[in-house]
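Along the sequence shown, residues carry numbers from 1. Just so you know, these numbers come straight off a predicted model, no measurement behind them.
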Amino acid sequence: MSDATPETPAPEAGTEKVTVRRAPKIPAFLIGGGGVGAIATLILTSMFPIDPLVGFGPLFAYFSLFGVTAGVLLGAILALIVDYRSKKRAKTGEAEFITEKRPEEPTA
């Protein structure tokens, strides 16, 4: 058996250039666009006469397939535009870091 204690290595420090920007949350844009598409479909479906053989519910469900899809697509396009603009406003700075290494554990 060895009575030697492992030495702790010295931490390494330094600076690094980083880019900071406010990026949009893309799922929020997609969900919001789908919601707006569903509301627009509801309004447009209620503006026109309803076929009594089909009814309002199935007609709204059918057209919401198109309305929600269009809303999600428009939300995705809007999110990409906002993301592109946030890249233009990104700022570069320096960040300090410290890396500490764990001492190696003795094997038995």
(request) Calculate, to the nearest 0.5 Å, the distance between atoms CG and CG belonging to L74 and L78 respectively. (result) 8.5 Å
(request) First locate atom CZ of R89, then atom CZ of R22, and finally report the distance between them rounded to the nearest 0.5 Å. (result) 10.0 Å
(request) Could you tell me which non-hydrogen atom of G55 sits nearest to which non-hydrogen atom of L59, and how far apart they are? (result) O-CB, 3.3 Å
(message) I'd like to know if the side chain of T45 and the backbone of L42 have a donor-acceptor N/O pair within less than 3.5 Å.
(response) no
(message) When you compare the side chain of F29 with that of V82, does any pair of heavy atoms fall below 4.5 Å?
(response) yes
(message) Once rounded to the nearest 0.5 Å, what's the spacing between atom CZ of F48 and atom CD1 of I50?
(response) 10.0 Å
(request) Kindly compute the distance separating CD (E96) from OG1 (T15), expressed to the nearest 0.5 Å. (result) 7.0 Å
(message) Do F60 and T41 have side chains that approach each other closer than 4.5 Å (heavy atoms only, starting at C-beta)?
(response) yes
(request) Classify the ring geometry between F66 and F63 as parallel (under 30°), tilted (30 to 60°) or perpendicular (over 60°). (result) tilted
(request) For the residue pair R21 and S86, confirm or rule out a side-chain donor-acceptor distance under 3.5 Å. (result) yes
(request) Return yes when atom OH of Y62 has more than 12 non-hydrogen atoms of other residues, nucleotides or ligands closer than 6.0 Å, and no otherwise. (result) no
(message) Take a 6.0 Å sphere around CZ of R85 and say whether it holds more than 12 heavy atoms from other residues, nucleotides or ligands.
(response) no
(request) Identify whether V68 and I43 are in the same connected component of the hydrophobic contact network (ILVMFWY, side-chain heavy atoms under 4.5 Å). (result) no
(request) Might you point out which heavy atoms bring G34 and V72 nearest each other, and give the distance in Å? (result) CA-CG2, 3.8 Å
